[in-house]
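Everything below concerns the one structure shown next.
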Amino acid sequence: MAEMTQQVLGVLASGRGTDLQSIIDAVERGEVKAKIGVVLSDKPDAYALERAKKAGIPALCIDRKQYDGRAPFEEALIAALEEKGVTLVVLAGFMRILTPLFVRHYKGRILNIHPALLPSFPGAHAHRDVLAYGVKVSGCTIHFVDEGTDSGPIIAQAAVPVLDDDTEDTLGARVLEQEHKLYPQVIEWYCEGRLHIEGRHVRVDQ
Ligand code: GAR
């Protein structure tokens, strides 16, 4: 394979950041051969920012509340990512919907992880919706981000059982275990140039 330039990841996270941590750990172990250029959060109290700082990664809050509208907020996100030379945007528990302004800027270069088996149960309350519906299997989905919500071409999925006595927390923990294995793996595939978007399909070179 031809030598590839190193990808610079910009990770966006709104919360505790365990997905981010799995990526930091995989980079440190050399399993993801990329650099994390910056971690951004829309929430000042996101623990993800602490995790980044502990790992020596630039971390910045771009507080949605400080911006008058989505466009200026997203322009600030783009400026911060550009400043660090980010080539791949990784959404890791980022709980805001990105508009076409952002998505077009990074077309084909934004990954998201969703805690359900898309196209079932999109949106911000996947575990709650899964339990309410009564399905027996759930899991996580990693996909390219397009201009819809949780609708972009799917790269990889992992399934877990839903148990009778599950709560959002117990199901969430079971799904997260899979997320922490699958997300670093998919990021490495991207970095190796193995992912090809063909319409709705993503081909992964073996
Ligand atoms: C993860 O389960 C991720 O799939 C989900 O948020 C959680 C973040 O956990 N993302 C979404 O729901 C996106 N709509 P973390 O803060 O511990 O990484």
Side-chain angles (χ1 to χ4, degrees), residues 9-28 32 36 38-55 57 59-64 70 73-74 77 88-99 102-103 106 110-133 135 137-162 166-187 190:
L9 313 183
V11 183
L12 274 55
S14 300
R16 68 200 153 170
T18 66
D19 281 332
L20 166 68
Q21 191 67 54
S22 73
I23 299 163
I24 292 173
D25 294 346
V27 169
E28 285 178 355
V32 171
I36 305 177
V38 68
V39 171
L40 301 180
S41 180
D42 56 318
K43 299 249 174 66
D45 57 353
Y47 189 63
L49 293 172
E50 298 306 315
R51 293 180 189 271
K53 285 179 200 154
K54 280 185 193 160
I57 298 163
L60 196 64
C61 171
I62 298 190
D63 189 348
R64 174 66 181 82
R70 293 209 278 183
F73 167 67
E74 292 187 358
L77 289 177
L88 176 67
V89 177
V90 176
L91 307 183
F94 188 65
M95 301 309 280
R96 291 200 176 271
I97 290 169
L98 293 163
T99 74
F102 188 95
V103 174
Y106 287 103
I110 312 172
L111 302 179
N112 183 44
I113 189 159
H114 181 75
L117 295 175
L118 292 171
S120 294
F121 310 110
H125 304 285
H127 301 312
R128 186 187 72 188
D129 297 344
V130 160
L131 293 174
Y133 200 93
V135 293
V137 177
S138 190
C140 62
T141 302
I142 298 166
H143 63 94
F144 283 106
V145 173
D146 66 6
E147 293 181 24
T149 302
D150 298 328
S151 59
I154 291 173
I155 305 165
Q157 295 182 300
V160 302
V162 179
D166 262 337
T167 62
E168 287 182 48
D169 283 348
T170 58
L171 175 59
R174 194 174 310 118
V175 171
L176 270 179
E177 242 181 81
Q178 298 303 315
E179 294 189 29
H180 297 160
K181 290 186 214 156
L182 199 59
Y183 215 3
Q185 166 88 85
V186 167
I187 293 167
Y190 181 95

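Every value quoted in this text rests on a predicted model; they were computed, and no experiment measured them. All ligand and atom numbering here is 1-based and tracks the order in the structure.
In this structure a side-chain-to-backbone donor-acceptor pair under 3.5 Å is missing from S41 to C61. In this structure a side-chain-to-backbone donor-acceptor pair under 3.5 Å is missing from D63 to P44.
For atom 18 (O) of ligand 1, the closest non-hydrogen atom of the protein is D19 N, 2.8 Å. Remark: minimum distance from atom 2 (O) of ligand 1 to any protein heavy atom is reached at E179 OE2, 2.8 Å. With hydrogens left out, the protein atom closest to atom 12 (O) of ligand 1 is P115 CD, 3.4 Å, a heavy atom. Summary of contacts: the protein heavy atom closest to atom 16 (O) of ligand 1 is G17 N, 2.9 Å.
Ligand 1 is never approached by A13 to a heavy-atom distance shorter than 4.0 Å.
The shortest side-chain heavy-atom distance between V160 and L171 falls under the 4.5 Å cut-off. L111 is not listed as a side-chain neighbour of L91, based on a closest heavy-atom distance of 4.5 Å or more. Looking at H143 and L118, their side chains come closer than 4.5 Å, going by heavy atoms from C-beta outward.
In this structure, of G93, A173, A126, S22, the residue bringing a heavy atom nearest to atom 8 (C) of ligand 1 is G93.
Y133 and F121 have perpendicular rings, their planes meeting at more than 60° on a 0 to 90° scale where under 30° would count as parallel.
Ligand 1 has an N or O atom lying under 3.5 Å from an N or O atom of R16, backbone or side chain. Here's the thing with A92: none of its N/O atoms is less than 3.5 angstrom from an N/O atom of ligand 1.
By the 6.0 Å and 45° rule, R16 does not stack over the aromatic ring of Y47.
Taking every non-hydrogen atom of T18 and a distance limit under 4.0 Å, the qualifying atoms of ligand 1 come out as 15 (P), 16 (O), 17 (O), 18 (O). Counting atoms of ligand 1 from 1 in the listed order, those under 4.0 Å from a heavy atom of M95 are 11 (C), 12 (O), 13 (C), 14 (N).
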For this session: For the pair S22 and E179, evaluate side chain to side chain donor-acceptor pair (under 3.5 Å) and give the outcome as yes or no after the intermediate values.
Result: CA-CA 9 Å; S22 73; E179 294 189 29; over 6 Å; no
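Residue L176 touches ligand 1 through its side chain alone, judged by heavy-atom distances below 4.0 Å.
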